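Atom set for the values below is all heavy atoms of this structure, side chains included, hydrogens, waters and symmetry mates excluded. Numbering of residues begins at 1 and proceeds along the displayed sequence. What you see is a predicted model, and the numbers here were worked out from it, not measured in a lab.
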Amino acid sequence: MKEFYTEGTYRTRGRMIGESYRAEIKDIMEIMKTQEIPAMFRNEQWEETVYKFAYDTGIFYHFKKSTGELYEEVEGMAEGSGVDVRELIILNSLDEISSYSCQNGITDKCTCIGIKRKHDGGVFIAQNLDLSAHLNKHQMILHVKYENSDLEQLIFTIPGLLGFTGVNNRSVAVVPNALTTLKYNTKGMPVTAVVRGILERDTAEQSACFVKRITHGAAQNYTIGDRNGIISLECSGDRKEQFEPCNTAYFEYLVHTNHPLINDDISVPGRVNMPVSSYESTTQRLNTADTCLKTVDYSIDEKGIQAILTSHEHEPNCICRHGSAENNGMTIGSVIYRLGKEIEMYFAKGPGCINPYEKFKLKGID
């Protein structure tokens, strides 16, 4: 899997992506129109559904207002691909649409891990990104070089999307996971832009300050790391709560799936006390990863984390997911960031148990 390099202004970078991936963007938008949006809203009418959502939320106006210069990148992708910019705004608002349409239930989306080893300070941030199997195509690694800056980023994404997760050459990495039982805010910043905003900062602490300062469109947990440590923030539309790492004799760690651990800013009072069966997948995935991390030793590295991310223990509520007749969700990408002076990104396109982890590198800058 190759990196796609972009450089220049936001609009120029977006246009490069749009022109190079015109067919892929149009294919992804067709999937949105015929599969994803109808499934979310249980309504086959693409335009009727989306524009009702847009009217109810003001998403086009608030997306442009909240994303700043990143909006120019989206416009550039629209110009280069010949796709209506409003459609790309919808693509970049999938978490917000999910929050709006899922009726406050839990959706199974991601498993995220952060580790800081005690013997050498080594830091790892990792994620299985679980989305619809329809999106298990066109995954890409975007290498962004900023204009008039030495800032660079490696981003896991699909053409037309600002990004799922990524790392920069300051060794700041982020992995997000959805918390759909928490409140959302129709005027907040979309998750894709939050991810990119985090990656425009120089340290995890600066990124955490940014996350705490902004208004969030969709409720999300952000696990952020740099070479000095790991931070986890549960963010709803009205509240941000920092989740502290757990400790073993050898390292401190964070594990997060799709239910809130400390933020109780829930959408519907009482739903936080739903039966345990409603949380079956998210709680089992968290418990599996937590149990594994409590039993490994100080030498845990990317190989040890791969073993956790490819686990099929307690199937069908396992960490590595392939989709099923009952559930279309699957792991469309598995990623591990090793953070230090040299930054390494290990990425598997699809489930890591059947796809190789390829290594990408960034030269770190202090």
Side-chain angles (χ1 to χ4, degrees), residues 10 62-71 73 92 95-96 99 110 112-116 121 123-127 144 146 148-155 162-179 182-185 187-246 252-256 260-265 337 339-341 343 362 364-366:
Y10 286 85
H62 293 301
F63 185 97
K64 183 175 182 179
K65 183 178 179 181
S66 66
T67 56
E69 290 178 300
L70 286 167
Y71 179 75
E73 190 169 320
N92 278 275
D95 281 286
E96 290 66 40
S99 295
C110 300
C112 297
I113 297 171
I115 294 172
K116 181 180 180 181
V123 177
F124 301 84
I125 300 292
Q127 177 180 33
V144 179
Y146 275 64
N148 301 321
S149 170
D150 58 8
L151 178 64
E152 297 184 35
Q153 302 165 345
L154 286 176
I155 298 165
L162 288 171
F164 291 127
T165 170
V167 64
N168 69 20
N169 59 346
R170 275 66 167 160
S171 84
V172 175
V174 58
V175 288
N177 54 283
L179 303 174
L182 297 183
K183 291 180 181 177
Y184 62 94
N185 189 318
K187 298 180 181 179
M189 185 179 291
V191 173
T192 54
V194 177
V195 167
R196 291 290 297 273
I198 288 169
L199 297 177
E200 291 182 343
R201 269 64 191 178
D202 292 335
T203 67
E205 286 293 341
Q206 288 180 13
S207 296
C209 289
F210 162 72
V211 171
K212 291 175 181 177
R213 173 175 54 82
I214 63 174
T215 300
H216 293 265
Q220 200 89 179
N221 183 78
Y222 295 93
T223 301
I224 305 168
D226 62 14
R227 67 190 64 171
N228 296 311
I230 51 178
I231 299 171
S232 186
L233 292 162
E234 291 186 350
C235 303
S236 63
D238 298 321
R239 192 178 304 168
K240 299 97 175 179
E241 301 286 354
Q242 187 161 332
F243 176 66
E244 296 302 322
C246 301
E252 59 181 35
Y253 71 92
L254 296 161
V255 177
H256 220 291
L261 301 178
I262 57 173
N263 190 329
D264 61 359
D265 185 28
Y337 303 108
L339 307 177
K341 291 186 177 180
I343 297 106
L362 278 178
I365 294 178
D366 292 323

Polar side-chain atom of Y337 near backbone of G166 as donor-acceptor pair, under 3.5 Å = yes
Shortest non-hydrogen pair, S232 vs H256, comes out as OG-CD2, 4.1 Å
Using 4.0 Å as the upper bound for N to carboxylate O, is an ion pair formed by K116 and D226?
-> no
CG of L179 to OH of Y222: how many Å apart, nearest 0.5 Å?
-> 9.5 Å
Any side-chain heavy atom of Q127 sitting closer than 4.5 Å to one from P176?
-> yes
Minimum heavy-atom distance S236-A219, with the two atoms named = CA-CB, 4.0 Å
Tell me whether the centres of the aromatic rings in Y71 and Y10 are closer together than 6.0 Å.
-> no
Is any side-chain N of the basic residue among E73 and R196 closer than 4.0 Å to the acidic one's carboxylate O?
-> yes
K240 atom NZ, over 12 foreign heavy atoms within 6.0 Å = yes
Donor-acceptor side-chain pairing of S171 and R227 below 3.5 angstrom = yes
In Å, rounded to the nearest 0.5 Å, how long is the span from CZ of R239 to CG of N185?
-> 13.5 Å
Hey, mind stepping through Q153 and Y146 against side chain to side chain donor-acceptor pair (under 3.5 Å) and telling me if it holds?
-> CA-CA 9 Å; Q153 302 165 345; Y146 275 64; 3.2 Å; yes
Quick one: closest heavy-atom pair of Y184 and A218, and the distance?
-> CB-CA, 4.2 Å
Spell out, as yes or no, whether a donor-acceptor pair under 3.5 Å connects the side chain of T67 to the backbone of A193.
-> no
State, yes or no, whether a side-chain contact exists between E234 and Q242 at a heavy-atom distance under 4.5 Å.
-> no
Are more than 12 heavy atoms from other residues, nucleotides or ligands located less than 6.0 Å from atom CD of E241?
-> yes
